[in-house]
Amino acid sequence: DNIIEPKDLEKFLNSRIKVEGKTGNLGERVTISREKSKINVTAEAPFSKRYLKYLSKKYLKMQQLRDFLRVVAPNKTSYELRYFNINE
C-alpha cells in the first residue's frame, strides 16, 4: 500500500547490517534479496533475528512510521510489518 518502499528498506539494511563488527561488510556470508514486497535476509554466519527486528524498528522511526506500524513475528523464521489496531 505504498507506505514503505521495499527498495529503501533493502538499501537501509544493506548499509546498516554489521558483520564481524563492521557495517557494510556483508560479503558472501549475508545476502539480502527483494521479491516485490518481501525482503529476504539469508545468513551463513551467526545472525540474530532480534537484530533484524531492531534495524526494522530503527528504519520505521527514521521514516516517522513507528506510530502506525509494528514489527511482528508470525512464525519462527520471519517478521512482518503490521498496522496497529486503532479500534481496540
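Numbering starts at 1 and runs along the sequence shown.
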N/O donor-acceptor pair under 3.5 Å between N75 side chain and S78 backbone: yes
Answer whether the closest heavy-atom distance between the side chains of D67 and F84 falls below 4.5 Å. no
Does the distance from a Lys or Arg side-chain N to an Asp or Glu carboxylate O, for R34 and E10, drop under 4.0 Å? yes
Within a strict 4.5 Å, meaning less than it, do heavy atoms of the T31 and V41 side chains meet? no
Please examine the side chains of L69 and Y83, heavy atoms only from C-beta on, and report whether any two atoms are closer than 4.5 Å. yes
Sub-3.5 Å donor-acceptor pair from the side chain of K49 to the main-chain atoms of K76, do we have one? yes
Could you tell me if the side chain of L65 sits less than 4.5 Å from the side chain of I3, heavy atoms only? yes
Over 60° means perpendicular and under 30° means parallel, so classify the ring planes of F47 and Y51, tilted if in between. perpendicular
Are there over 12 heavy-atom neighbours, none belonging to K53, within less than 6.0 Å of that residue's NZ? yes
Candidate pair E28 and E44, rule side-chain contact (heavy atoms from CB on, under 4.5 Å), full reasoning: CA-CA 8 Å; E28 296 181 11; E44 294 173 13; over 6 Å; no
Under the side chain to side chain donor-acceptor pair (under 3.5 Å) rule, collect the residues that match up with E35, sequence neighbours excluded. N40
Audit row: L26, I32, side-chain contact (heavy atoms from CB on, under 4.5 Å) steps and yes/no: CA-CA 9 Å; L26 296 182; I32 299 174; 4.1 Å; yes
In terms of side-chain geometry, is the basic nitrogen of E80 or R82 positioned less than 4.0 Å from the acidic oxygen of its partner? yes
Residues Y59, R16; criterion side-chain contact (heavy atoms from CB on, under 4.5 Å); working and verdict: CA-CA 10 Å; Y59 175 77; R16 294 291 176 102; over 6 Å; no
